[in-house]
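Report on the structure given below.
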Amino acid sequence: MTIIILRIALLLIPLVAVIFWLRWRLKKDQTEEERRQDISRLQKTLGVLVIVALAAGVSLRLLDDRTGDARTRYIPPHSEDGKVVPGRFVSEDEEEAVDNSKEDDEGGEENPT
């Protein structure tokens with residue numbers, strides 16, 4: 001998830017920079033007081049955006065728990081019948097069924113030598 005946020009940020013940062021640069025070029029003939037107000041507003045806006053981005057990243061990191069339950073076991077990606085089966089967490093009951101099917105597959109094959 002953080003990779004997605006990073007990619008979005010990498011796309012948006014140059015766009016925001018160009019928008020602020022164009023805005024600055026249009027307001028080049030402002031007085032010093034107007035510039036200070038704009039800079040202050042810009043700093044506040046960027047500060048809020050940074051805080052929101054950090055809060056979103058931290059909350060996504062804390063809420064994204066990809067670990068399984070203590071009574072489950074992770075089965076990594078593997079192929080079955082020529083198709084890739086993604087990795088998943090299975091309960092103890094399902095694990096026994098998966099192990100039994102693997103044993104049946106392995107036990108049914110004979111060596112031609």
Side-chain angles (χ1 to χ4, degrees):
M1 184 54 101
T2 55
I3 293 174
I4 294 170
I5 293 172
L6 180 64
R7 288 181 181 177
I8 291 171
L10 288 174
L11 290 173
L12 290 180
I13 289 172
L15 180 65
V16 170
V18 168
I19 290 170
F20 282 121
W21 179 75
L22 289 173
R23 185 172 175 220
W24 175 76
R25 294 280 296 169
L26 290 174
K27 294 185 175 190
K28 196 174 183 181
D29 55 351
Q30 288 181 333
T31 63
E32 188 64 31
E33 183 60 33
E34 291 173 338
R35 275 192 209 150
R36 286 184 187 159
Q37 289 175 351
D38 278 350
I39 289 172
S40 175
R41 264 189 300 198
L42 176 64
Q43 288 174 339
K44 289 177 185 176
T45 303
L46 289 176
V48 168
L49 289 175
V50 166
I51 290 171
V52 167
L54 288 174
V58 168
S59 66
L60 288 173
R61 177 66 180 133
L62 293 177
L63 295 177
D64 184 25
D65 184 21
R66 294 186 176 201
T67 60
D69 185 28
R71 296 175 304 273
T72 61
R73 180 174 170 241
Y74 180 71
I75 297 179
H78 59 281
S79 64
E80 287 181 6
D81 299 325
K83 296 181 182 177
V84 175
V85 178
R88 64 189 188 281
F89 290 95
V90 295
S91 66
E92 294 169 354
D93 298 334
E94 292 177 40
E95 180 182 351
E96 290 174 8
V98 170
D99 288 342
N100 289 339
S101 67
K102 284 183 181 178
E103 288 174 4
D104 291 341
D105 290 342
E106 292 171 0
E109 296 177 11
E110 293 182 16
N111 255 344
T113 55

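Small disclaimer: the values here were computed from a predicted structure and weren't measured.
For the atom pair CG of L49 and CG of L54, the computed distance is 11.0 Å after rounding to the nearest 0.5 Å. Annotation: the span from I5 atom CD1 to L12 atom CG amounts to 12.0 Å, rounded to 0.5 Å. Taking CZ from R73 and CZ from R88, the interatomic distance works out to 10.5 Å, rounded to the nearest 0.5 Å.
Clustering of Ile, Leu, Val, Met, Phe, Trp and Tyr side chains at separations under 4.5 Å places V52 together with V48.
Cluster membership check: V50 does not share its hydrophobic cluster with I19, using side-chain heavy-atom separations under 4.5 Å among Ile, Leu, Val, Met, Phe, Trp and Tyr.
Here the shortest heavy-atom pairing between A9 and P14 reads O-CD, 4.5 Å.
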